[in-house]
Amino acid sequence: NLLHFLAPNSRLPTDVTFQVTSSSSTTPVSVPAHKCFLATASSVFDEMFFESDNSSGQGMVIEVKNMEEGVFKMFLNYIYGKELVLEELSDVPSTFGMFQLMEQYDIVEFKEQILARIKSQTVERDNFVTIVNLVGQCKEHSEVKDVLQSMVSSYLQGTMGMSMSKLTMFMAEHGGMDGQTMVLVLEMVSKIGGEEGGSKEVEMQTPPASPQSRKEIVMEFLEFSNFPGDKLEEMVDMFTDDGDR
């Protein structure tokens, strides 16, 4: 256990500082650490600190964005020898943050358990927008993105079924979406029912909307979210192309 080296009165000076900024704050929090311990735990850190041409000497600073301070410190404490208690990751954003750190720094021991914990959590009205925004932070073709999209799609199916006519009510009840979030939702709505292995419990209750009706619905949503006017027509065409339905 190396945690005592992180104590303020430690005689071993730190030589790297993480500037951690959460999605809800623009003010970073400084978290000091030791290159040698980080490099021992992660080949990514090892290359960054000791093999890369971009490595520097004392006082190296690394920016960590869209990360809660508590989650990052839990990750750091795990590297220094403290047991990682997954139950302390109380919601989807904190669990997602830990998975992203484990994946970014190639620490594989807990990745599957963390992914399973994300799957076990529930999308609800109060966290829907937050989880959709997490999808937007994922790398393409990542495991966690597939998991989150599946969770959101299941929630959308259960909330509004397969009927486009229910979308207006749904969006009105889930306020606070910006344009990017709206686009992500529409992308997932467009996939409902079209993915293999999707839920078969929800059946179509109304006939499919006509192409013109779909265009009017999508246009209404984008205008509601203050989507840039010069991009409206392009985005409407993207989500109402008959070839994608």
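We number each residue from 1, following the sequence as shown.
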Ring geometry between Phe128 and Tyr155 (parallel below 30°, tilted from 30 to 60°, perpendicular above 60°): tilted

Side-chain heavy-atom pair Val123, Val92 within 4.5 angstrom cut-off: no

Test item: side-chain donor near acceptor, Ser94 and Glu68, under 3.5 Å: no

Any Pro32 side-chain heavy atom under 4.5 Å of Val16 side chain: no

Within 6.0 angstrom of Lys82 NZ, more than 12 heavy atoms from elsewhere: no

Geometric class of the Phe75/Phe45 ring pair [parallel <30°, tilted 30-60°, perpendicular >60°]: tilted

Atom pair CD1 (Ile131) and CG (Asp126), whose distance is rounded to the nearest 0.5 Å: 10.5 Å

Validation row: Lys119, Met151 side chains within 4.5 angstrom (heavy atoms): no

Non-hydrogen side-chain atoms of Ile118 and Glu143 separated by less than 4.5 Å: no

4.5 Å side-chain heavy-atom contact, Asp146 and Gln149: yes

Straight-line distance of Gln104 CD to Asp106 CG, nearest 0.5 Å: 11.0 Å

Test side-chain contact (heavy atoms from CB on, under 4.5 Å) applied to Lys73 and Leu6, step by step: CA-CA 11 Å; Lys73 286 185 173 180; Leu6 290 175; over 6 Å; no

Residue pair Thr14 / Ala33: nearest heavy atoms and the distance that separates them: CB-O, 3.1 Å

Thr40 (side chain) donor-acceptor with Cys36 (main chain) under 3.5 angstrom: yes

Spatial distance of atom CD1 (Ile79) from atom OH (Tyr105) [nearest 0.5 Å]: 9.0 Å

Contact check, side chains of Val152 and Val132, non-hydrogen atoms, under 4.5 Å: yes

His34 and Phe37, any side-chain heavy atoms less than 4.5 Å apart: yes

From CA spacing to verdict: side-chain contact (heavy atoms from CB on, under 4.5 Å), Met60, Thr17: CA-CA 6 Å; Met60 186 175 187; Thr17 300; over 6 Å; no

Distance, nearest 0.5 Å, that separates CG of Asn66 from OG of Ser25: 11.5 Å

Proximity of Phe5 and Tyr80 rings by center, below 6.0 Å: no

CD on Glu112 to CZ on Phe99, rounded to 0.5 Å: 7.0 Å

Working for side-chain contact (heavy atoms from CB on, under 4.5 Å), residues Val144 and Lys139: CA-CA 9 Å; Val144 70; Lys139 296 179 180 178; over 6 Å; no

CZ-CE distance between Arg117 and Met98, expressed to the nearest 0.5 angstrom: 11.0 Å

side-chain contact (heavy atoms from CB on, under 4.5 Å) between Ile62 and Gln19, worked out: CA-CA 6 Å; Ile62 301 173; Gln19 295 285 351; over 6 Å; no

Closest contact, heavy atoms only, Gly97 versus Met67: O-CE, 3.5 Å

Pairwise side-chain contact, Phe18 with Glu63, heavy-atom cut-off 4.5 Å (strictly under): no

Side-chain donor/acceptor of Asn127 to backbone N/O of Thr122, under 3.5 Å: yes

Test side chain to side chain donor-acceptor pair (under 3.5 Å) applied to Thr95 and Gln121, step by step: CA-CA 10 Å; Thr95 313; Gln121 300 190 46; 3.0 Å; yes

Validation row, ring centre Tyr78 to ring centre Phe110 under 6.0 Å: yes

